[in-house]
Amino acid sequence: MSYRTRFAPSPTGPLHLGHAYSAILAFDMAQAAGGTFLLRIEDIDQSRARIEWETQIFDDLQWLGLDWPSPVMRQSTRLPRYREALAQLEQLGLTYPCHCNRADIEAAAGAPQEGVPQFGPDGRIYPGTCRNRAMSQAKPSDVIRLNMEKSIQLAGHASFRETGSQFHGPHKLDPDHLTTAVGDIILVRRGMGSSYHLSVVVDDADQHISHVTRGVDLFEATQIHVLLQTLLALPTPIYHHHVLIRDDDGKRLAKRDDARAIAKYRAEGATPQDIRTMVGL
Ligand code: GLU
């Protein structure tokens, strides 16, 4: 198997030290394996994506000494492909349209019960109000959800291999966790034509990604991705979830954390080697 990995930023803010760590690590691992490092622009959320941020991403990564093949995949050009994948899930009877807004979901979720999680990787766990609606009833203003229980019946046996982090080793999906702590995730968001989960799974497969390197904050999302890969009959890559770069107070860096932006260090005269040293690479 040839080693292919990717760095997949969303152009919604400046790259900071955490992104630099993730990108350099993926690049170095690909180099060490004689493989390929790809860049993918995750810009399906057109309300937040900005071309200026995309230009800055290219510039920062090149300055760091990374290179990648052209053309670069951009999610905003791939909606027909995501629609195909959605149709496949629809044919399996796993999708339904949902008109609930946040207030509806909160009201239907009721009072919190001790020991029962209320929030999953996508926000509040969906209580299932629209679960019996048919796809033929879908309106343009609806989101499309995945019926998690039915999905687990078909693909709950799936597994994946982890080579990084504290989770090193083989992993089976955890059907109980997926039903109670993740729930009916959104496959198509309002006005977006897709979602992070659906797009990333389709793109990793279409780009023949053999190894996914990304932050340990996405470990829970990986369960969702492996489930979707299995339902869509797509291969499951090997995963490497790396530690997160934190600020001096131990908080993980966020896009709005301009203080750690690579552009800022560059403006202050730092070298690419200084950035490597700062992130421990
Ligand atoms: N666009 C995602 C992010 O910036 C990529 C996550 C992934 O590697 O799948 O967090």
Side-chain angles (χ1 to χ4, degrees), residues 3-30 36-51 53-54 56-58 60-61 64 66 68 72-79 82 85 121-123 160 162-165 167 182 185-187 189 192-229 232 234-246 252-257 260-262 279:
Y3 191 109
R4 279 168 79 82
T5 192
R6 81 319 191 262
F7 177 60
S10 305
T12 55
L15 293 188
H16 54 55
L17 285 184
H19 296 108
Y21 176 66
S22 198
I24 298 171
L25 183 66
F27 181 80
D28 286 359
M29 287 172 75
T36 309
F37 168 85
L38 301 177
L39 175 64
R40 180 167 78 223
I41 297 294
E42 301 215 323
D43 60 350
I44 39 165
D45 186 353
Q46 287 284 304
S47 68
R48 291 174 63 225
R50 297 273 176 278
I51 194 71
W53 292 127
E54 193 177 311
Q56 179 84 52
I57 287 171
F58 279 85
D60 282 343
L61 294 177
L64 282 170
L66 312 192
W68 53 86
V72 163
M73 180 180 274
R74 300 171 82 242
Q75 289 189 328
S76 54
T77 63
R78 289 179 42 80
L79 288 183
Y82 306 142
D122 276 357
F160 64 98
E162 165 69 39
T163 62
S165 76
F167 304 114
V182 177
I185 53 142
I186 296 181
L187 295 169
R189 294 198 171 274
M192 249 195 243
S194 187
S195 63
Y196 163 62
H197 298 307
L198 184 63
S199 301
V200 90
V201 160
V202 172
D203 293 348
D204 282 342
D206 287 357
Q207 294 195 296
H208 306 291
I209 297 299
S210 63
H211 291 73
V212 171
T213 308
R214 61 186 180 194
V216 72
D217 53 329
L218 287 167
F219 188 78
E220 199 169 8
T222 296
Q223 291 240 353
I224 300 171
H225 299 169
V226 173
L227 182 74
L228 289 175
Q229 286 150 7
L232 292 165
L234 300 173
T236 289
I238 293 170
Y239 286 88
H240 184 100
H241 293 88
H242 59 69
V243 295
L244 301 179
I245 302 291
R246 298 185 180 275
R252 57 175 286 219
L253 303 180
K255 280 262 167 65
R256 55 191 173 281
D257 218 339
R260 310 284 159 150
I262 298 169
V279 298

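Counting convention: from 1, in listed order, for ligands and their atoms alike.
Of all the heavy atoms of Val212, none lies under 4.0 Å from any atom of ligand 1, so neither backbone nor side chain is involved. Contact annotation: for Tyr196 versus ligand 1, heavy atoms closer than 4.0 Å belong to the side chain alone.
Against a heavy-atom cut-off of under 4.0 Å, Val200 is close to the following atoms of ligand 1: 9 (O). Taking every heavy atom of Arg214 and a limit of under 4.0 angstrom, the matching atoms of ligand 1 come to 7 (C), 8 (O), 9 (O). Using a 4.0 Å cut-off to heavy atoms of Glu42, the atoms of ligand 1 that qualify are 1 (N), 2 (C), 5 (C). Close approach to Ser10 involves these atoms of ligand 1, each under 4.0 Å from a residue heavy atom: 1 (N), 4 (O).
Note: His242 and Tyr21 meet the aromatic proximity criterion, with ring centroids under 6.0 Å apart.
With hydrogens and angles left out, the side-chain atoms of His225 and Asp204 include no donor and acceptor closer than 3.5 Å.
Polar contact check, Thr213 against ligand 1: no nitrogen or oxygen pair lies under 3.5 Å apart. Close N/O approach between Leu218 and ligand 1 is not found [any backbone or side-chain N/O within under 3.5 Å].
Residue Arg6 places a heavy atom under 4.0 Å from ligand 1.
If you run side chain to side chain contact (heavy atoms under 4.5 Å, CB included) between Tyr239 and each of Val212, Thr213, Thr163, only Val212 comes through.
Here the CD1-CD1 distance, from Ile238 to Ile209, works out to 12.5 Å after rounding to the nearest 0.5 Å.
Residues Leu228 and Leu187 form a side-chain contact, since some pair of their non-hydrogen atoms from C-beta on lies under 4.5 Å apart.
A salt bridge is absent between Asp203 and Arg6: the closest approach of a Lys/Arg side-chain nitrogen to an acidic carboxylate oxygen does not fall below 4.0 angstrom.
By the side chain to side chain contact (heavy atoms under 4.5 Å, CB included) test, Asp43 is found to be paired with Pro11, Ile41, Gln46, Ala49, Glu54, Arg74, Gln75, Ser76, residues two or more places apart in sequence or in another chain being considered.
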